[in-house]
Amino acid sequence: QVQLVESGGGLVQAGGSLRLSCVASGRSASHYVMAWFRQVPGKEREFVAHSLSSADTVKDRFTISRDNAKSTVYLQMNSLKPEDTAVYYCAAATRFSQDYSDYIYWGQGTQVTVSS
């Protein structure tokens with residue numbers, strides 16, 4: 001079992017920056033691929049990034065990183081736009097994928113709101 005706890009969401013102005021954190025716990029947590037997804041009400045869950053790739057909509061603006069010593073994965077978000085507004089989720093899978101159905105464990109989500 002892996003438990004994921006997200007934090008760092010909030011309200012930020014367009015052009016600003018925000019860093020999301022996801023703390024993973026469980027004895028096997030280090031064996032999983034970690035990724036970020038986002039979702040807005042009524043829309044499908046959208047892939048954001050994992051360590052090998054990121055969505056075209058966030059390339060050159062978002063960066064994913066991992067601190068194994070702290071069992072934490074981060075999403076650094078720069079040059080934020082109103083269309084980045086969503087609930088952001090971290091997730092864990094056994095292989096690299098951009099498909100949400102491949103991810104086994106999910107955090108509770110953290111709201112990011114970007115004002116214009």
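Just so you know, these numbers come straight off a predicted model, no measurement behind them.
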Side-chain contact test, heavy atoms from C-beta onward, threshold under 4.5 Å: evaluate it for S17 versus Q76 and give yes or no.
yes
>> Quick check on the hydrophobic clustering: are Y105 and L20 connected, directly or via other members, by side-chain heavy-atom contacts under 4.5 Å?
In response: yes
Handout entry: Validation row: M77, V114 side chains within 4.5 angstrom (heavy atoms)
Key = no
Would you be so kind as to tabulate the donor-acceptor pairs closer than 3.5 Å made by side chains of residues 1-15, with sequence neighbours excluded?
residue	atom	partner	partner atom	Å
Q3	OE1	S25	OG	3.2
E6	OE1	Q108	N	3.1
E6	OE1	G109	N	2.3
E6	OE2	C90	N	2.2

Neighbour count >12 (heavy atoms, 6.0 Å) for atom OH, Y100: no
With sequence neighbours left out, the residues meeting ring-ring contact (aromatic ring centres under 6.0 Å, His included) with Y103 are F37
Are W106 and V87 linked, directly or through other ILVMFWY residues, by side chains that come within less than 4.5 angstrom of each other? yes
Hits for side-chain hydrogen bond (donor to acceptor under 3.5 Å, both in side chains) against R27, two or more places apart or cross-chain, chain-then-number order -> none
Next item on the list: Could you check D99 against S97 for side chain to side chain donor-acceptor pair (under 3.5 Å), going step by step and ending with a plain yes or no?
Entry: CA-CA 5 Å; D99 188 340; S97 175; 5.4 Å; no
- Task: Establish whether Y74 and V48 are linked, either directly or via other cluster members, by ILVMFWY side-chain heavy-atom contacts under 4.5 Å.
- Result: no
inquiry  = Any non-hydrogen side-chain atom of S53 less than 4.5 Å from a side-chain atom of F47?
reply    = yes
d(R38 CZ, E46 CD) to nearest 0.5 Å is 4.5 Å
D84/K81 ion pair, N-O < 4.0 Å:
no
Value for OG (S71) from CE (M34), rounded to nearest 0.5 Å, stands at 9.5 Å
Can you list, pair by pair, the side-chain donor-acceptor contacts under 3.5 Å of residues 62-69, counting residues two or more places apart and other chains?
residue	atom	partner	partner atom	Å
R66	NE	N68	OD1	3.2
R66	NH1	Y32	O	2.9
R66	NH2	A29	O	3.4
R66	NH2	Y32	O	3.4
D67	OD1	A69	N	3.1
D67	OD1	K70	N	3.3

Query raised in the report: Cluster question for you: counting only ILVMFWY and a side-chain heavy-atom cut-off of under 4.5 Å, with indirect links fine, are Y89 and V58 together?
Result: no
query: Between T57 and E83, is any pair of side-chain heavy atoms under 4.5 Å apart?
result: no
Taking CG in D60 as the centre, count heavy atoms belonging to other residues, nucleotides or ligands within less than 6.0 Å. Is the count above 12?
no
Heavy atoms of A86 and Q111 approach each other most closely as O-NE2, 3.4 Å
Rounded to the nearest 0.5 Å, the CG atom of L18 sits from the OG1 atom of T110 at a distance of 8.0 Å
Contacts satisfying salt bridge (Lys or Arg N to Asp or Glu O under 4.0 Å) that involve residues 102-113 (not counting sequence neighbours) are R95-D102
Residues 33-78 vs disulfide (SG to SG under 2.5 Å), sequence neighbours excluded, gives none
Between W36 and V73 the two heavy atoms that sit nearest each other are CZ2-O, 3.8 Å
